[in-house]
Amino acid sequence: MRTKLPFLIAIFFTTFSYSLKGQKNFVFPELPYSYDALEVFIDKTTMEIHYSRHHKAYYNNFVKTLDESGLGNKSIEELFANVSKHPVSIRNNGGGYYNHNLFWEIMSPVGGGIPKGELLKAIEKAFLSFEEFTNKFENAAKGQFGSGWAWLAVDKEGNLFVSSTPNQDNPLMDVAEKRGTPILGLDVWEHAYYLHYQNKRADYVSNFWKVVNWKTVEEKYLNAVSKSK
Ligand code: MN3
């Protein structure tokens with residue numbers, strides 16, 4: 001019995017630390033590249049402030065609200081599907097947390113070009129051509145009055161659509177006009193571009209294509225489609 005004790009202690013601590021991790025449902029992600037890696041689109045200072053201050057603040061406030069409201073065991077999809085019934089901080093800070101996670105993920109210093117495979121087929125089906133899609137997306141981004149986001153998302157039938165949302169809303173939320181799973185998002189808050197582009201949001205929007213990581217977007221597309229059927 002005595003020889004088994006260290007083994008039992010190890011089991012206890014493994015289980016215990018695992019359950020603590022389970023409660024910490026939401027982590028602040030590592031930026032997948034350096035602050036200056038996307039300078040063809042986002043300058044180093046903007047990137048640093050955007051990630052380490054704006055995104056971090058959304059995360060901190062979101063986690064605080066989860067602790068206070070006891071909603072920490074729900075998935076982000078569950079939270080957003082009923083966001084109108086939750087404290088408004090879930091919508092604003094949870095939205096800010098999720099939207100920026102997606103934004104960093106779908107960009108890459110070796111991004112750009114055009115999508116391939118199933119995603120390209122779906123874009124051509126929904127928008128006739130890749131060029132028509134980019135026009136529609138850019139118009140959504142430029143036309144969003146004030147702060148918000150432009151999206152490419154998959155609806156519940158598995159079809160692609162372009163939309164924009166105000167503030168930190170997104171298509172997963174029950175308050176969104178068009179509901180679906182976002183696979184590509186562009187932040188059009190002034191904090192995302194003002195230092196480098198000033199009031200020229202259109203230049204910022206058209207430079208976005210130079211860094212989009214289409215491989216990641218396609219993975220998100222295939223994942224969303226598999227869930228929709
Ligand atoms: Mn932002």
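As the structure lists them, so they are numbered: ligands from 1, and atoms in each ligand from 1.
With contacts defined as side-chain heavy-atom distances shorter than 4.5 Å, the pair W104/H55 qualifies.
Annotation: W209 is in aromatic contact with F133 [ring centroid separation under 6.0 Å]. In this structure, the ring of H100 has its center no less than 6.0 angstrom from the ring center of Y51.
A salt bridge links E118 and K121; the closest N-O separation between the charged side-chain nitrogens and carboxylate oxygens is under 4.0 Å. With respect to K44 and E48, no salt bridge is recorded, no charged nitrogen being found less than 4.0 Å from a carboxylate O.
Panel detail: the Mn ion (ligand 1) has protein N, O or S atoms under 2.8 Å away, 4 in number.
The ring-ring contact (aromatic ring centres under 6.0 Å, His included) test with Y97 is passed by exactly one of F28, F80, Y59: Y59.
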